[in-house]
Amino acid sequence: MIAGPAGPIPSRRHRLTSHPVEHISERLAQIPGVVAVTLGGSRARDEARPDSDWDFGLYYRGTILAADIEALGWPGEVSEPRAWGPVVNGGAWLTIEGEHVDLCYRDLDEVMHAVGDAEDGRWTLEPLATYVAGIPTYVLAGELALCRVLVGELPRPSFPDALALAAPPVWRQQGFISLYTAAAHAERGDVTAAVANMARAIITEAQALLAERHQWVLNEKSIVERAGLGGAHEVFVDPGGTPEELGVSIGIVSIMKTDRPDIR
């Protein structure tokens, strides 16, 4: 077992079932520094489409070298650790047995630090190109909670009460700033910037709602629907092209943020 913030935490372990890539977890576990291998994403939730990627987490201590992954001989792109930035660290995009396989590096010491922070309600928001509203550092704890552990031992943290209290106000402050900025762009008739900031306002509200419900969010896929804010899509189908029309759309988004449905 690995000690969590409050001591040893039980782990769970799963194996892939009858698939051409199921053998790779053992090979990945042989990479120097790797102490655990996980499966994430839709494959871990048994919700994958036939063309879904395979997302493997490589939890390591010390360091992990791109050269050791390249030496496995699979075609694709491999990064050095931390090349992708904070939280996401680095990884690889590979093709294995005809399947698209993503490897995600996770420094276990950093992950456990993020888990401890989350337990105390501490976290930060980092910019990331694939996230509209940014990626919260507590995603690292959420990955542990939702993944399948294929090799090794890892904790499975629950969503902390302290985080459920601390995260929503920060997300809502971000949403307020985005709506304020959207209004400023709308006054100038800048449709693109206004709509972009409206979208960010809705996503931050979705993050706030789901945090209040103690639900881990790993990415922004379908986050608006998960939070019960799917009605916002109608606004973005036709947000308007004049300052007046954009103002109406911003007003609707603002109402959705303040008169949000209670579906906990």
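Just so you know, residue 1 is the first one in the sequence shown, and it goes up from there.
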For the pair [X] (side chain) and [Y] (backbone), establish whether a donor and an acceptor sit closer than 3.5 Å, ignoring hydrogens and angles.
{"X": "Thr137", "Y": "Thr124", "answer": "yes"}
{"X": "Ser178", "Y": "Gln174", "answer": "yes"}
{"X": "Glu220", "Y": "Val132", "answer": "yes"}
{"X": "Ser222", "Y": "Glu225", "answer": "no"}
{"X": "Ser79", "Y": "Gly91", "answer": "yes"}
{"X": "Arg200", "Y": "Val195", "answer": "no"}
{"X": "Asn219", "Y": "Lys221", "answer": "yes"}
{"X": "Ser52", "Y": "Arg49", "answer": "yes"}
{"X": "Tyr131", "Y": "Glu126", "answer": "no"}
{"X": "Arg106", "Y": "Leu58", "answer": "no"}

Quick check: closest heavy atoms across [X] and [Y], and the distance to 0.1 Å?
{"X": "Leu246", "Y": "Gly240", "value": "CD2-O, 3.5 Å"}
{"X": "Pro169", "Y": "Ala166", "value": "CD-O, 3.3 Å"}
{"X": "Glu119", "Y": "Ser158", "value": "OE2-O, 4.5 Å"}
{"X": "Ser249", "Y": "Val235", "value": "CB-CG1, 3.6 Å"}
{"X": "Ala227", "Y": "Leu209", "value": "O-CD1, 3.7 Å"}
{"X": "Gly142", "Y": "Leu218", "value": "C-CD2, 3.5 Å"}

Any side-chain heavy atom of [X] within less than 4.5 Å of one from [Y]?
{"X": "Arg226", "Y": "Val217", "result": "yes"}
{"X": "Val170", "Y": "Trp123", "result": "yes"}
{"X": "Trp171", "Y": "Leu125", "result": "yes"}
{"X": "Met112", "Y": "Pro155", "result": "yes"}
{"X": "Leu128", "Y": "Val87", "result": "no"}
{"X": "Tyr138", "Y": "Pro160", "result": "no"}
{"X": "Phe56", "Y": "Val37", "result": "yes"}

With hydrophobic residues grouped by side-chain heavy-atom distances under 4.5 Å, do [X] and [Y] end up in a single group?
{"X": "Val35", "Y": "Val115", "result": "yes"}
{"X": "Ile250", "Y": "Val191", "result": "yes"}
{"X": "Ile177", "Y": "Val253", "result": "no"}

Find the distance between [atom1] ([X]) and [atom2] ([Y]) and round it off to the nearest 0.5 Å.
{"X": "His100", "Y": "Thr95", "atom1": "NE2", "atom2": "OG1", "answer": "6.0 Å"}
{"X": "Gln207", "Y": "Ile223", "atom1": "CD", "atom2": "CD1", "answer": "3.5 Å"}
{"X": "Leu146", "Y": "Thr38", "atom1": "CG", "atom2": "OG1", "answer": "11.0 Å"}
{"X": "Arg172", "Y": "Glu212", "atom1": "CZ", "atom2": "CD", "answer": "4.0 Å"}
{"X": "Leu39", "Y": "Arg45", "atom1": "CG", "atom2": "CZ", "answer": "10.5 Å"}
{"X": "Ile202", "Y": "Phe236", "atom1": "CD1", "atom2": "CZ", "answer": "5.5 Å"}

Identify all side-chain donor-acceptor contacts of residues 63-72 below 3.5 Å with residues at least two apart in sequence or on another chain.
none

Is it true that atom NE2 of His113 has more than 12 heavy atoms of other residues, nucleotides or ligands lying nearer than 6.0 Å? no
How about CD on Glu80, more than 12 heavy atoms from neighbouring residues, nucleotides or ligands closer than 6.0 Å, or not? yes
Could you go step by step and tell me if Leu103 and Leu28 meet the side-chain contact (heavy atoms from CB on, under 4.5 Å) rule? CA-CA 9 Å; Leu103 305 183; Leu28 294 173; 3.9 Å; yes
Run the side-chain contact (heavy atoms from CB on, under 4.5 Å) check on Arg27 and Trp74 step by step: do they pass? CA-CA 12 Å; Arg27 294 188 66 186; Trp74 295 314; 3.5 Å; yes
Begin from the C-alpha positions of His214 and Asp161 and carry the test side-chain contact (heavy atoms from CB on, under 4.5 Å) through to its verdict. CA-CA 7 Å; His214 292 72; Asp161 291 339; 2.9 Å; yes
Would you call the rings of Trp93 and Trp84 parallel, tilted or perpendicular if under 30° counts as parallel and over 60° as perpendicular? parallel
For Asn197 and Tyr180: C-alpha separation, side-chain torsions, deciding distance, then whether side-chain contact (heavy atoms from CB on, under 4.5 Å) applies. CA-CA 9 Å; Asn197 278 276; Tyr180 180 86; over 6 Å; no
Listed partners of Arg82 passing side-chain hydrogen bond (donor to acceptor under 3.5 Å, both in side chains), at least two apart: Asp107, Glu110
Hey, are Asp190 and Arg188 close enough for a salt bridge, meaning a charged N less than 4.0 Å from a carboxylate O? no
